[in-house]
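Below is one structure, written out as structure tokens; the observations come after it.
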Amino acid sequence: KKQGLGSLKYELSGFGRDSIYEGWKHLVELDVAKNGWEIEGQGNLLTNTSLQEKSRFARPKLRVKKTFEKLNNWQLQWYGEREKNDRFGLGSDTLSAQSFYYDLYRTRLQSPQSEKLNTGLQYSQRFDYQPFEDQFRQIAVAEEINWNGDWRGGRVSRLNWNLTYRNLEVNENRSNLEPQETYLGRIQHQLNAWKGTLRSSTTYEIGSGQEPKIEYNYLKVQKGEGTYVWMDYNRDS
């Protein structure tokens, strides 16, 4: 740690059980704030070898934010993250079907915090990959633009909105994904006049149509890699 600048942390942990399992986890955390710049980063790397497979799971994240004091504290933010899980059967150089990989990037312009007007414009891209033999191939690219905010006219009137446009491009036909172009929006106005004598709430929503039914598959992964917990309440495995 360094006062007035930030901190950098590295942590290493491991677990081994004879020749049955061996795993190592690397953790790196970065936190820097200087001259209107803020940098936050975290990186996880988990490698393990068991009797069934060997895998390498990486999850880095990085956020960079700049506050422009000369421009009334407007903020520009950039965020990026990756999740990549290489899984191989022992003695094999072919990626298993449980392997996955994606990259996500996001840029946001945010207005200064105000009691009257707050708004932000955000653009993001996500690249999805699918295992194919011994490597990953890109299957889809999703682009999204979002504009949200709220405006307050004193204690009488308040307006908030959230508008999103999303475009999904599918590069290869190795998945069940289909190209999609969607938009969603919600605008809401609330009025409270004459000390509450007159109250009204108006909401307007737009959408590109009904969302198609989505089927989810939950796959068991090594501890520390997943995002859900399975509880066998009825004990039927």
Side-chain angles (χ1 to χ4, degrees), residues 36 38-40 42 59 61-69 71-83 100-129 138-171 175-218 226-229:
E38 296 180 33
I39 302 176
E40 299 177 1
Q42 184 184 77
R59 183 190 282 162
K61 300 178 182 181
L62 180 64
R63 185 190 307 274
V64 180
K65 181 170 65 175
K66 171 62 175 176
T67 302
F68 299 91
E69 297 181 357
L71 298 177
N72 297 323
N73 290 323
W74 277 80
Q75 292 182 348
L76 183 63
Q77 303 180 35
W78 182 89
Y79 173 80
E81 74 174 38
R82 164 180 290 184
E83 283 201 19
F100 64 87
Y101 172 26
Y102 77 82
D103 287 325
L104 172 66
Y105 306 102
R106 184 183 301 137
T107 303
R108 181 175 180 82
L109 179 63
Q110 180 68 45
S111 69
Q113 294 298 315
S114 169
E115 295 183 356
K116 187 172 183 179
L117 175 65
N118 294 287
T119 185
L121 182 64
Q122 178 175 285
Y123 172 76
S124 63
Q125 279 187 315
R126 172 167 166 151
F127 301 85
D128 282 274
Y129 301 82
Q138 187 183 105
I139 60 170
V141 179
E143 293 183 290
E144 185 174 294
I145 299 175
N146 175 264
W147 179 40
N148 59 56
D150 67 87
W151 172 84
R152 299 182 183 183
R155 298 181 179 180
V156 177
S157 179
R158 180 173 182 177
L159 177 70
N160 57 69
W161 64 92
N162 193 341
L163 307 173
T164 301
Y165 169 78
R166 185 173 187 266
N167 182 43
L168 175 66
E169 296 182 359
V170 180
N171 298 338
S175 69
N176 296 325
L177 295 174
E178 295 183 0
Q180 293 181 355
E181 187 175 11
T182 58
Y183 55 86
L184 296 171
R186 178 184 175 91
I187 303 174
Q188 185 176 31
H189 178 258
Q190 295 178 333
L191 180 66
N192 188 349
W194 301 319
K195 297 182 179 181
T197 304
L198 175 63
R199 295 183 181 181
S200 72
S201 179
T202 305
T203 301
Y204 180 71
E205 294 184 350
I206 59 174
S208 57
Q210 293 183 338
E211 181 180 357
K213 182 178 180 180
I214 299 176
E215 180 177 299
Y216 294 93
N217 293 320
Y218 296 91
T227 54
Y228 296 92
V229 176

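Treat the numbers as computed from the prediction; the structure is a model and nothing was measured. Heads up: numbering here begins at 1 and tracks the sequence.
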### Task
Just do the side-chain contact (heavy atoms from CB on, under 4.5 Å) check on Glu83 and Phe100 with the steps written out, would you?
CA-CA 8 Å; Glu83 283 201 19; Phe100 64 87; 3.5 Å; yes
### Query
So Tyr165 and Glu181, side chain to side chain donor-acceptor pair (under 3.5 Å) or not? Walk me through it.
CA-CA 8 Å; Tyr165 169 78; Glu181 187 175 11; 2.5 Å; yes
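- Taking Ser157 as the reference, His189 meet the side-chain hydrogen bond (donor to acceptor under 3.5 Å, both in side chains) condition, with sequence neighbours excluded.
- Partners of Asn148 according to the side-chain contact (heavy atoms from CB on, under 4.5 Å) rule, which considers only residues two or more places apart in sequence or in another chain, are Arg108, Asn146, Asn162.
- Counting only residues at least two apart or in different chains, salt bridge (Lys or Arg N to Asp or Glu O under 4.0 Å) contacts with residues 157-171 comprise Glu144-Arg166.
- For Arg186, the side-chain hydrogen bond (donor to acceptor under 3.5 Å, both in side chains) partners are Glu205, not counting sequence neighbours.
- Of all the heavy atoms in Thr107 and Trp78, the pair that sits closest is OG1-CD1, 3.5 Å.
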### Message
Could you go through Ile145 and Leu121, starting from their C-alpha distance and side-chain angles, then the distance that decides it, and tell me whether this counts as side-chain contact (heavy atoms from CB on, under 4.5 Å)?
### Response
CA-CA 8 Å; Ile145 299 175; Leu121 182 64; 4.3 Å; yes
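- To the nearest 0.5 Å, the span separating CG on Leu184 from CD1 on Ile206 amounts to 8.0 Å.
- Residues satisfying the salt bridge (charged side-chain N to carboxylate O under 4.0 Å, His left out) criterion with Arg126, sequence neighbours excluded, are Asp128.
- Atom-to-atom distance recorded for Leu168:CG and Thr182:OG1 is 8.5 Å, nearest 0.5 angstrom.
- Shown here are the salt bridge (charged side-chain N to carboxylate O under 4.0 Å, His left out) partners of Glu40, two or more places apart in sequence or in another chain: there are none.
- Contact record, Trp147 with Gly120: CD1-O, 3.2 Å, taken as the closest heavy-atom pair.
- Of the inter-residue distances, the one linking Leu71 atom CG with Leu76 atom CG reads 11.0 Å to the nearest 0.5 angstrom.
- Residues meeting the side-chain contact (heavy atoms from CB on, under 4.5 Å) test with Glu178, sequence neighbours left out: none.
- With sequence neighbours excluded, no residue satisfies side-chain hydrogen bond (donor to acceptor under 3.5 Å, both in side chains) with Tyr105.
- Annotation: side-chain contact (heavy atoms from CB on, under 4.5 Å) contacts of Glu143 (sequence neighbours excluded): Tyr123, Gln125, Asn167.
- Across every non-hydrogen atom of Asn171 and Ala140, the tightest pair is ND2-N, 4.2 Å.
- From Leu159, atom CG reaches atom CD1 of Ile187 across 7.0 Å, with rounding to the nearest 0.5 Å.
- Ser111 places a side-chain N or O within 3.5 Å of a backbone atom of Thr119 that can act as its donor or acceptor partner.
- Scored by the side-chain contact (heavy atoms from CB on, under 4.5 Å) test, Ile39 finds Leu30, Val32, Leu62, Val64 as partners (sequence neighbours excluded).
- Asn73 has its side chain out of reach of Gln75: every pair of non-hydrogen atoms, C-beta onward, lies at least 4.5 Å apart.
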### Message
Run the side-chain contact (heavy atoms from CB on, under 4.5 Å) test on Leu198 and Leu191 for me, step by step, so that the C-alpha distance in whole Å, both residues' side-chain angles and the decisive distance to 0.1 Å come before the verdict.
### Response
CA-CA 8 Å; Leu198 175 63; Leu191 180 66; 4.2 Å; yes
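- Tyr218 has its ring centre less than 6.0 Å from the ring centre of Tyr228.
- In this model, a donor atom of one side chain and an acceptor atom of the other lie less than 3.5 Å apart for Glu81 and Tyr102.
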### Message
The test is side-chain contact (heavy atoms from CB on, under 4.5 Å); show your working for Leu109 and Trp74 and say whether it passes.
### Response
CA-CA 8 Å; Leu109 179 63; Trp74 277 80; 4.0 Å; yes
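- Take Arg82 and apply the side-chain hydrogen bond (donor to acceptor under 3.5 Å, both in side chains) test, not counting sequence neighbours, and it matches Tyr101, Asp103.
- Listed by first and then second residue, the salt bridge (Lys or Arg N to Asp or Glu O under 4.0 Å) pairs that reach into residues 109-122 come to none, sequence neighbours excluded.
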